[in-house]
Amino acid sequence: RAVDEEHLDVAPGAPDDYPTCGANDLDQRTARRAASSSRRHISGHAARAAALLSSLRIVPIERMTEQARSITAARLSDRLPVRRADDELGRLAVVFNDTLERLERSFAEMQRFTADVSHELRTPLTAMRMVGEVGLREARDADACRAVIGSILEESVRLTSLVERLLALSRATSATT
């Protein structure tokens, strides 16, 4: 080991070439050890504090995750609670709730549309069936049969038109999404 001669004292009564550590050096070493110990102590506290803070931050995220998982198509009216709309989690919950609201409206529109389409399809199909059944039950001449067939064809044209409009609507909706 190299010896730094500036920091060495010679003990009283010792030969000139016998170096000893001065009191000043001992104070510096003690101070360094104390500082190192303090840094480890503070680092330990800081790590525990960071772990505590992060766990406090994770608990609300886990709660939000579980609540979001429980929301299904049948429960689109459910929303995530917003405790503080001005922090990150609050803003995230607000955006998620807005998305749920849009989905809920879309599902409601789709249900109304499906009910309307079902009704629109059922009407001509019912008419065609009734005209066909009446035409088969009653013995008719050629003109009466032509009238029954004509009525069925009119309803079939109406049905075809409705289906074509539905297909056009479906294509237009696909193109915008």
Side-chain angles (χ1 to χ4, degrees), residues 38-177:
S38 292
R39 280 193 299 270
R40 284 192 303 272
H41 189 70
I42 290 171
S43 293
H45 285 304
R48 284 189 288 282
L52 176 65
L53 287 175
S54 101
S55 72
L56 291 174
R57 196 70 173 152
I58 288 174
V59 168
I61 292 171
E62 288 175 353
R63 249 185 272 152
M64 283 177 67
T65 302
E66 289 306 312
Q67 288 172 319
R69 270 196 189 109
S70 72
I71 298 172
T72 63
R75 294 180 51 195
L76 282 176
S77 61
D78 290 359
R79 298 292 185 266
L80 295 179
V82 179
R83 288 191 172 76
R84 292 181 54 200
D86 60 336
D87 70 3
E88 287 179 343
L89 288 179
R91 287 190 302 270
L92 178 64
V94 167
V95 168
F96 190 81
N97 288 341
D98 290 346
T99 302
L100 285 173
E101 188 174 325
R102 288 190 305 274
L103 281 171
E104 185 179 18
R105 279 195 312 263
S106 293
F107 269 66
E109 287 173 17
M110 191 174 7
Q111 286 173 335
R112 280 191 303 275
F113 177 77
T114 303
D116 291 346
V117 166
S118 296
H119 178 72
E120 288 294 321
L121 289 172
R122 189 178 325 168
T123 302
L125 287 171
T126 302
M128 289 168 61
R129 182 175 177 188
M130 287 174 46
V131 168
E133 287 175 354
V134 168
L136 285 176
R137 259 186 297 183
E138 297 176 8
R140 299 196 170 191
D141 59 12
D143 289 337
C145 286
R146 275 193 209 66
V148 167
I149 293 171
S151 178
I152 291 174
L153 287 175
E154 283 176 22
E155 293 300 327
S156 131
V157 167
R158 184 173 165 211
L159 250 172
T160 302
S161 172
L162 178 61
V163 169
E164 286 173 356
R165 286 183 299 189
L166 287 172
L167 285 172
L169 179 63
S170 174
R171 288 184 193 120
T173 304
S174 311
T176 61
T177 57

Could you state the interatomic distance from [atom1] ([X]) to [atom2] ([Y]), rounded to the nearest 0.5 Å?
{"X": "Leu76", "Y": "Thr99", "atom1": "CG", "atom2": "OG1", "answer": "11.5 Å"}
{"X": "Ser170", "Y": "Arg165", "atom1": "OG", "atom2": "CZ", "answer": "14.5 Å"}
{"X": "Leu159", "Y": "Leu153", "atom1": "CG", "atom2": "CG", "answer": "12.0 Å"}
{"X": "Met64", "Y": "Glu62", "atom1": "CE", "atom2": "CD", "answer": "12.5 Å"}
{"X": "Arg79", "Y": "Ile71", "atom1": "CZ", "atom2": "CD1", "answer": "7.5 Å"}
{"X": "His119", "Y": "Thr126", "atom1": "NE2", "atom2": "OG1", "answer": "9.5 Å"}

Side chains of Ser161 and Arg158, donor plus acceptor under 3.5 Å: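 Checked: Ser161/Arg158 side chains show no N/O donor-acceptor pair below 3.5 Å.
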Would Arg146 and Asp143 satisfy side-chain contact (heavy atoms from CB on, under 4.5 Å), going step by step from the backbone distance to the final call? CA-CA 5 Å; Arg146 275 193 209 66; Asp143 289 337; 3.2 Å; yes
Would you mind checking if Arg129 and Glu133 are paired as a salt bridge, meaning a charged N to carboxylate O distance below 4.0 Å? yes
Check this for me: does any side-chain nitrogen of one of Arg63 and Glu66 sit under 4.0 Å from a carboxylate oxygen of the other? no
Indicate yes or no for a side-chain donor-acceptor contact from [X] to the backbone of [Y] under 3.5 Å, with no hydrogens or angles considered.
{"X": "Thr114", "Y": "Met110", "value": "yes"}
{"X": "Arg91", "Y": "Asp86", "value": "yes"}
{"X": "Ser151", "Y": "Val148", "value": "no"}

Of all heavy-atom pairs between [X] and [Y], which one has the smallest distance, and what is that distance?
{"X": "Val94", "Y": "Ala85", "value": "CG2-CB, 4.4 Å"}
{"X": "Pro81", "Y": "Ala93", "value": "O-CB, 3.9 Å"}
{"X": "Ser70", "Y": "Arg75", "value": "O-NH1, 3.2 Å"}

Given side-chain contact (heavy atoms from CB on, under 4.5 Å), test Leu92 with Phe96 step by step and report yes or no. CA-CA 6 Å; Leu92 178 64; Phe96 190 81; 5.5 Å; no
side-chain contact (heavy atoms from CB on, under 4.5 Å) between Thr72 and Asp78: does it pass, once the steps are laid out? CA-CA 9 Å; Thr72 63; Asp78 290 359; over 6 Å; no
Is there a side-chain contact (heavy atoms from CB on, under 4.5 Å) between Leu121 and Leu162 once you walk through the steps? CA-CA 8 Å; Leu121 289 172; Leu162 178 61; 3.5 Å; yes
Residues Glu109, Arg105; criterion salt bridge (charged side-chain N to carboxylate O under 4.0 Å, His left out); working and verdict: CA-CA 6 Å; Glu109 287 173 17; Arg105 279 195 312 263; 5.4 Å; no
